[in-house]
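Both ligands and their constituent atoms are indexed starting at 1 by order of listing. Note that the numbering runs from 1 along the sequence shown for the chain.
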Amino acid sequence: MYNVRKVTEDITWVGASDRRLALFENIFPIKRGVSYNAYVLKDEKTVLLDTVDASVAGQFFENLEFVLGDSKLDYLVVNHMEPDHCAMIGDIVRRYPDVKIIGNTKTFGMMTQFFGTDFSDRSVVVKEGDTLSTGKHTLHFVMAPMVHWPEAMVTYDDADKVLFSADGFGTFGALNGNIFADEVDFDRDWLDDARRYYTNIVGKYGASVQALLKKAAGLDIAVICPLHGPVWRENLGYILEKYQKWSTYEAEDQAVVIMYASMYGNTASAADALAGALAVRGIKKIAVYDVSNTHVSELISEIFRASHLVFAVPTYNGGIYPIMENLLSDMKALAVQKKTVAVMENGTWAPTAAKQVREKISELKDMTILDTQVTVKSAMHAEQQKDLDVLADAIVGTL
Ligand code: FEO
């Protein structure tokens, strides 16, 4: 059965959701599923904006056929060549043999890499500022390099003031009939997944996102149509403000996130004791995570959100406990910046993790590492409460 929704009189969502996939990109758990959005513009000419992942091909084509009806498909705009959106290009060409494909130079280079053809018999190569008139509507093509792939671009329809934003403003989460952000409680139910999606997939490319946001500021945008998650047609300032913060690595919340690794529970106990010491000093909404039991993508999301981070780490084989080391590497890969950091360490005979964690954190931009730290030898005991108090005071002093 088809499942489509009108975004405007002439633009229809023809995407689909996958609630069976366990890991997006074979990395990220998606308990709430994911949607792959595609859109059809019906004007004097018809335009499909992006395709979908192969997993939802059946639903997508049912939707597309329903919306097109007796119309032929004139154009396919490829805003992004990652396979979760471009997988159906070959099928589109087979089903709609007259279709022309619009992309930039890099788009068609990637088509050759993925598909062995750049569809040169039907390609329309566009560059920054080029337009396509479809009748009543004019599509403007805006390059968005490295958001988060080099060929990425966005498309703006000046008639309905719609920005087709590619992965920008996307989020994990299946769409449940309510395809518009104003039809759901986005802040309660979607924001964490939106942040996790952005920070883990686009987080490294803050400068590129900033460049795109500056271009977008010059457009009169009423609707944002991303390739994943809800469509924005109200309160655009809400999501734009989030993107402004995330892409400049500014914390959303003045908050403390404590992340510990613990082999036998002793480092966990010390981390909990610090959380308690902070709480009695009036700090609210403290978050504590066991890095061994929390997916790294959730930790990265929390790291972007909060202003203050505490790492509590056992020494392991003379180095940093491996799962914590992986988290620190991911932080570097995703360009985490502008945090205040405190370190706790544990070691039974030669604790050295704190020094090594500090070195790794100092490789990141604009990080403040507190001088005060706590060293635990095997397990923390009551006489070390004063050490915790000193560390808690130091953290509170910077909040
Ligand atoms: Fe949703 Fe970069 O692909």
Side-chain angles (χ1 to χ4, degrees), residues 13-39 48-57 59-60 76-90 92 101 103-104 106-111 113-115 141-155 163-175 179 181 190 193-209 211-213 216 224-232 239 242-243 246-247 297 300-301 330 333-335:
W13 175 85
V14 294
S17 290
D18 185 349
R19 298 181 185 83
R20 300 179 74 173
L21 183 69
L23 298 175
F24 186 81
E25 292 186 0
N26 221 3
I27 302 177
F28 305 110
I30 45 169
K31 292 192 186 104
R32 297 174 59 248
V34 66
S35 78
Y36 304 103
N37 300 338
Y39 305 89
L48 170 64
L49 292 113
D50 291 292
T51 73
V52 294
D53 188 79
S55 62
V56 295
Q59 183 69 63
F60 165 68
L76 164 64
V77 173
V78 180
N79 283 313
H80 187 22
M81 266 302 292
E82 194 156 8
D84 56 332
H85 308 294
C86 78
M88 291 298 110
I89 291 176
I92 289 287
I101 303 177
N104 57 61
K106 290 191 171 77
T107 315
F108 290 105
M110 287 188 182
M111 279 189 209
Q113 290 176 211
F114 277 112
F115 307 133
F141 302 106
V142 178
M143 302 301 119
M146 298 319 298
V147 182
H148 59 131
W149 279 27
E151 90 302 352
M153 63 183 203
V154 300
T155 300
L163 180 70
F164 298 94
S165 61
D167 276 340
F169 308 102
T171 172
F172 298 131
L175 289 172
I179 74 158
W190 286 81
D193 261 342
R195 186 190 306 104
R196 190 164 66 94
Y197 174 88
Y198 173 87
T199 55
N200 285 276
I201 292 175
V202 190
K204 174 183 170 69
Y205 303 106
S208 307
V209 174
L212 178 58
L213 288 175
I224 297 174
C225 289
L227 289 177
H228 302 284
V231 170
W232 290 86
I239 195 68
K242 296 295 181 194
Y243 263 67
W246 296 338
S247 61
S297 64
I300 288 292
S301 180
D330 219 19
L334 294 168

Residue list, side chain to side chain contact (heavy atoms under 4.5 Å, CB included) with C225, at least two apart or on another chain: V7, Y39, V162, F164, V223, V231
Check the angle between the aromatic planes of F172 and F28 and answer parallel, tilted or perpendicular using the 30° and 60° thresholds.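 If you compare the ring of F172 with that of F28, the planes turn out tilted.
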Hey, what do you get for [atom1] ([X]) to [atom2] ([Y]), rounding to the nearest 0.5 Å?
X	Y	atom1	atom2	value
N79	T155	CG	OG1	3.5 Å
I89	M81	CD1	CE	5.0 Å
T171	I239	OG1	CD1	8.0 Å

Got more than 12 heavy atoms from elsewhere within 6.0 Å of NZ, K242? yes
Which protein N, O or S atoms does atom 1 (Fe) of ligand 1 have within a distance shorter than 2.8 Å?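 Metal shell, protein only: D84 OD2, H85 NE2, D167 OD1, H228 NE2.
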